[in-house]
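One structure below.
All chains are named by letter (A, B, ...) in the order of the sequence lines, taking the proteins before the strands, and each is independently numbered beginning at 1.
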Amino acid sequence: MDYKETVFLPKTEFPMKAGLPRKEPEILQDWDDINIYQKLRESRKGQEKYILHDGPPYANGNLHIGTALNKILKDIINRYQSMLGKDANYVPGWDCHGLPIEWKIEEQYRKKGKDKDAVPVIEFRKECREFAKKWMDIQSKEFQRLGVCGNFANPYTTMTYAAEASIANEMGKFLLNGGLYRGSKPVMWSVVEKTALAEAEIEYEDHKSTTIYAKFNVKETNFEEIKGANVVIWTTTPWTMPGNRAVAFSKNINYVLLKITKTNENSLAMINQKIIIAKDLLKEVTHNCKIIEWEELLEIKGEKFQDVVLSHPLSDHGYDHNVRMLPAEFVTVDQGTGFVHIAPGHGEDDYFLGKQYNIEVPETLEGNGKLLEHLPLFGGMHVLRDNSKIADILSEKNSLIGRGELIHSYPHSWRSKAPLVFRNTPQWFISMNENNLKEIALKEIQKTKFYPLAGKQRLYSMIENRPDWCLSRQRAWGIPIPVFINKKTGEPLRDKFVIQRVVEAFKIKGSDAWFDTPPEKFLEPEYNIDEFEQVQDIADVWFDSGSTHAFVLEDRDDLQSPANLYLEGSDQHRGWFHSSLLESVGSRGVAPFEGILTHGFVLDDKGRKMSKSLGNTVNPQDILRDYGADILRLWVAGSDYYEDLRIGPEIIKHHTDHYRRLRNTLRYLLGSLNDFKEQEKIDYTKLPQLEQWLLHRIFEMNVSIKEKILDYQFHSIYTEIHNFCTIELSSFYFEIRKDLLYCGDSDSNDRRGCRTALDILFRHLTTWLAPILCFTSEEAWQCYIKDKKNSIHLKTIPNSKDQWKNDDLNNKWKRIRYIRSIVLAKIEEARNNSIIKSSLQAKVELILSKSDKSLFANLVPEDLFITSEVDFITEEIDEPKVNINSASGNKCGRCWKILPEVKEDGICKRCSDVIKKHYS
RNA sequence: AGGCGCGUAGCUCAGUUGGUUAGAGCGCACGACUGAUAAUCGUGAGGUCGGCAGUUCAAAUCUGCCCGUGCCUACCA
């Protein structure tokens, strides 16, 4: 007889080979068929809400590995919260306005030879909108392919009319509460295109500049020795001289006071004149200014210039303001004179230094590059073409001691290739001080939970040190700053009814309304349009996404504010976390989030940044095609995402290996539970000790996993589950129970108890894994319950019964497993010495203490060690000793144990009984 | 250049307030089984804890310097 037919081998349709790339889309279709997102909402109705508010990705390209990480992590969190029974409603969103999309459209124009400036702004914006829509749809499909569960049928975007209206309304709040004010700052400006440029639109090329050494006479000082002397500056932009308001020095530089005694005949410097320059630059300056001989009168430490006031070189010609000397760290002796001329309207360092000392920021330049008409001597001159002429005039008025030319790297527009200038332009700002914005924001940070904690310090110091928020962008694709300025007073109109009319118009026509509605419609009847100027700037897109808490969390009935969690990459400390905090605190006085989780960046397998030029990029699409989304999800869960995480072929292989272990564990469970019925279950108290131990472990695991969910410690959950499957299930519990499952009497208490425990185990394991392996766990679950409407993702993690918890039993089994490991090592040794071939041929002689022996009371040690015979000998020893011999008897043809009772080619009594009962 | 991080076996991760010989799983090598079979079981070899210097009876852990690396300092998101 072929006894194999009588063995209850595992049987399941759950295949060993996953075929995820093919299987996953089928499962997605099943979920779609039952409308699982809606079903989940219904099943969690009335439960505690958990809101992970989605930071909107930018709608301008395919899914990349960083976005995949971000979305999968969010999905794992939502699914785990849902597994805890909460109503974790995830509404995905997209950020749709902004420069990168404008660029793409411009790029298309360039290809077609079309001029952007010739296209009406409404038309241009329409194309941007369509572009964003297209990518939103693509990304939505890509996110869903990853297994992300959320309201993809009704997501949020920053460009719906309602959102645009709401964002404008938010700006209105800052306008009304005084937080929004008009200031100015210098930006990179192209005088050819008459527009501001972003850093990325700039390229650096060589440019020939006229350079000048200009002298500033000392006007006021307590430092007698330098009275009447001249502080000398050097600049490559003579046109900025009308805008000069200060001269910067360094406290760390040593300067010298010189008296010029001999010059070259064509030198601009004059004999007997006293000048001050940095000591280290003495040679260079005297050479460039053709000064041949001089007297060094005095060495001066930089700090001495602290309270000195200078005259402008053209103080006799209309520039009679005071020029203060200010200390600055950016002053060096690399070049120039050791003094830096400060024109707050024409340079970033200049601007911030001026701001720090409350120096006025003069406007001297028109958008077309001409100096303003009212400026003495230079009105109407062009900043790019007339520098030589400007230097001539300065020279005529005796303001220079030298001039020259310099070829240096200089910013140019990538469109027109024309050189750029820093130009002071009016801008709208949100004040960090008004309404105590900074102070309250910092307090709110203190109240926020950060994962990991380091994020708190990072955000805190950024908010603490940041300047006012510049809200204006001189751009087209975005939400206009809905403000009117009183032409007479220069003050913005702060009227809530006007704002309301704008917001209402935006609701109907979108923010295009700002451009194609006659402005009087917003102002009348209270105001006269002739007295007001309509602001044409659009808002920084960070204000858009910073307002999502308003138009998403607050405005949608299915969400709430504050969110439980904001989760993004660590770059968003400067980005979304930052802008959301400021927007919400500025308008509501509270943070829009209770917690912030940051993940790191994805690097290649050697820890290097991914780049096309290095050729080390990893495409999520490739992984989906070759391995499947569950592998990518396992990679996310198995990595410490608080830090930067690595990915590469070896790492993917590592996770597929782990995946196989998990999958085979599920498969073995399904195979062993074949045809398991409710009636087969037995009560806990009747379970064999080994099963009671297993339930204890399930209890422990359940507690641990639930704790870790609350701390977002998924890599720890992953390790714990994997180790559990490997160490405790596969190589211990399953290994021991094979004999019982395969050969035992299916009606016996032990076998029923074993399957009762396996059923419980399966129900726990699948829910533990479901948030991570969302496809595989569903596949396994469906193999078991065969009811597509009853998805694993509608379930919650089962509540382990307190009855299962039994620490004494667990400690006892720890010792048993330790003794088992000693026995197994000895069996291995015997095998290597050819005393036996297989484990079942072994007779184990176990010498151990009385107390150790008592552990085995009521147990079957042969089962535990997977041998055929075990003899105990008690001795007074601490560590058990083991001898291995061959078991005596014949091999049972069915269960393969070697027993004296078995006759040659026969079977054992147990097997014989089973066969009689079930096969005759 | 500054601000904030990170650096433990080939890989993914543990390592409590400093305290025996630094752990786990995977992978690898060797072996077993052929009734979880492109699976499963057993045994084993892998580490100057990025480097150097210090504090201490004692350092992966605390301090300083250095090296490597990532994010941020954009009218990019």
Side-chain angles (χ1 to χ4, degrees), chain A residues 3-4 7-10 12 16-17 55-60 95 97-103 187-188 195-202 427 452 454-455 457-459 461-462 465-466 470 472-475 478 537-538 540-542 545 568-576 598 600-603 605-609 634-635 638-640 642-646 648 650-655 657-658 660-661 663-665 667-672 715-716 718-719 722-723 725-727 730-732 734-735 738-739 741-743 821 824-825 827-829 831-832 837-840 866 894-896:
Chain A
Y3 296 109
K4 184 163 182 168
V7 175
F8 308 111
L9 292 178
T12 173
M16 182 179 292
K17 195 164 160 47
Y58 197 63
N60 75 334
D95 200 0
H97 298 124
L99 189 60
I101 289 176
E102 279 190 46
W103 282 346
V187 293
M188 275 290 182
T195 180
L197 291 183
E199 184 75 27
E201 294 172 304
I202 294 167
Q427 306 281 348
Q457 189 49 44
R458 189 165 175 187
L459 187 58
S461 60
M462 278 179 187
N465 297 317
R466 69 155 297 147
C470 180
S472 317
R473 296 293 122 101
Q474 284 74 45
R475 289 284 161 187
D537 291 351
I538 65 151
D540 177 11
V541 280
W542 284 114
S545 55
E568 299 301 329
S570 60
D571 57 333
Q572 297 300 328
H573 287 103
R574 177 62 69 184
W576 192 53
T598 47
F601 274 67
V602 183
L603 308 175
D605 44 7
K606 295 192 181 72
R608 296 170 309 182
K609 185 204 288 246
L634 206 52
W635 165 72
S639 304
D640 180 2
Y642 284 173
E643 306 300 339
D644 291 339
L645 39 179
R646 302 177 178 200
E650 190 187 354
I651 295 167
I652 291 294
K653 165 142 193 326
H654 170 251
H655 289 288
D657 285 336
H658 278 220
R660 255 189 255 121
R661 165 68 76 188
R663 185 175 180 90
N664 278 318
T665 304
R667 182 163 186 266
Y668 191 71
L669 279 170
L670 285 166
S672 303
H715 53 285
S716 177
Y718 168 95
T719 308
H722 186 264
N723 282 350
C725 289
T726 302
I727 302 164
S730 193
S731 73
F732 180 68
F734 290 170
E735 198 63 14
K738 266 188 202 173
D739 176 69
L741 285 165
Y742 294 178
C743 302
S821 73
L824 259 39
I827 290 174
E828 173 70 11
E829 199 181 298
R831 215 189 248 146
N832 291 338
K837 266 192 82 181
S838 78
S839 177
L840 277 174
I866 314 174
R894 185 165 176 270
C895 71
W896 299 348

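With A:Trp635 contributing its side chain and A:His655 its backbone, the two residues share no donor-acceptor pair below 3.5 Å. Remark: the backbone N or O of A:Gly55 is paired with a side-chain donor or acceptor of A:Glu568 at under 3.5 angstrom.
Remark: A:Arg466 engages no residue in a salt bridge (charged side-chain N to carboxylate O under 4.0 Å, His left out) (not counting sequence neighbours). Contacts of A:Arg831 classified as salt bridge (charged side-chain N to carboxylate O under 4.0 Å, His left out), with partners at least two apart in sequence or in another chain: A:Glu828. Take A:His573 and apply the ring-ring contact (aromatic ring centres under 6.0 Å, His included) test, not counting sequence neighbours, and it matches A:Phe577. The ring-ring contact (aromatic ring centres under 6.0 Å, His included) search around A:Tyr742 returns none, not counting sequence neighbours. Not a single ring-ring contact (aromatic ring centres under 6.0 Å, His included) links A:Tyr58 to another residue, sequence neighbours left out. By the salt bridge (charged side-chain N to carboxylate O under 4.0 Å, His left out) test, A:Arg663 pairs with A:Glu779, sequence neighbours left out. For A:Asp537, the side-chain hydrogen bond (donor to acceptor under 3.5 Å, both in side chains) partners are A:Ser472, A:Gln474, not counting sequence neighbours. Among residues two or more places apart in sequence or in another chain, the side-chain hydrogen bond (donor to acceptor under 3.5 Å, both in side chains) test is passed with A:Asp605 by none. Listed by chain and residue number, nothing satisfies the salt bridge (charged side-chain N to carboxylate O under 4.0 Å, His left out) test with A:Asp95 (two or more places apart in sequence, or in another chain).
With the 3.5 Å cutoff on both pairing distances, Watson-Crick and G-U pairs in RNA chain B assemble into runs of at least 3 at B:1-7 with B:67-73, B:10-13 with B:23-26, B:28-32 with B:40-44, B:50-54 with B:62-66.
Between B:rC41 and B:rA22, the distance separating the two C1' atoms is 28 Å to the nearest Å. Spacing of P atoms, B:rC11 relative to B:rU16, comes out at 22 Å, to the nearest Å. Taking the C1' atoms as reference points, B:rG46 lies 9 Å from B:rG10, given to the whole Å. Rounded to a whole angstrom, the distance from the C1' atom of B:rC6 to that of B:rU61 is 16 Å. Using atom P as the reference point in both B:rA45 and B:rU8, the two lie 23 Å apart (nearest Å). Comparing B:rU21 with B:rA14, their P atoms sit 25 Å apart, to the nearest whole Å. Spacing of C1' atoms, B:rC72 relative to B:rC66, comes out at 23 Å, to the nearest Å. B:rC26 and B:rC65: their P atoms are spaced 42 Å apart (whole Å).
Contact annotation for A:Phe8: no contact, since no heavy-atom pair falls under 4.0 Å across all strands. Residue A:Arg663 is out of contact with every strand shown, counting any heavy-atom pair closer than 4.0 Å.
With respect to the salt-bridge test (charged N to carboxylate O, under 4.0 angstrom), the residues A:Lys653 and A:Asp657 qualify.
Under 4.0 angstrom from either OP1 or OP2 of B:rU12 there lies no side-chain N or O belonging to A:Thr719. The phosphate of B:rU40 (OP1 or OP2) has no side-chain N or O of A:Lys738 nearer than 4.0 angstrom. For the OP1/OP2 pair of B:rU40 and a distance below 4.0 Å, the side-chain nitrogens and oxygens of A:Arg661 include at least one atom meeting the criterion.
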Under 4.0 Å protein heavy-atom contact, by nucleotide of nucleotides 1-9 of chain B - B base, S sugar-phosphate only:
--BSSS---
Nucleotide-resolved protein contact map, nucleotides 27-32 of chain B, B/S/- at heavy-atom distance under 4.0 Å:
S----S
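Regarding the sugar-base torsion, B:rG70 falls in the anti class, its angle being beyond 90° of 0.
Nearest to the side chain of A:Asn664, among B:rA39, B:rU12, B:rA77, sits B:rA39.
We find that CE of A:Met16 is positioned 5 Å from P of B:rA38, with the value rounded to whole Å.
The base of B:rA77 is not paired with the side chain of A:Trp576 by any donor and acceptor separated by under 3.5 Å.
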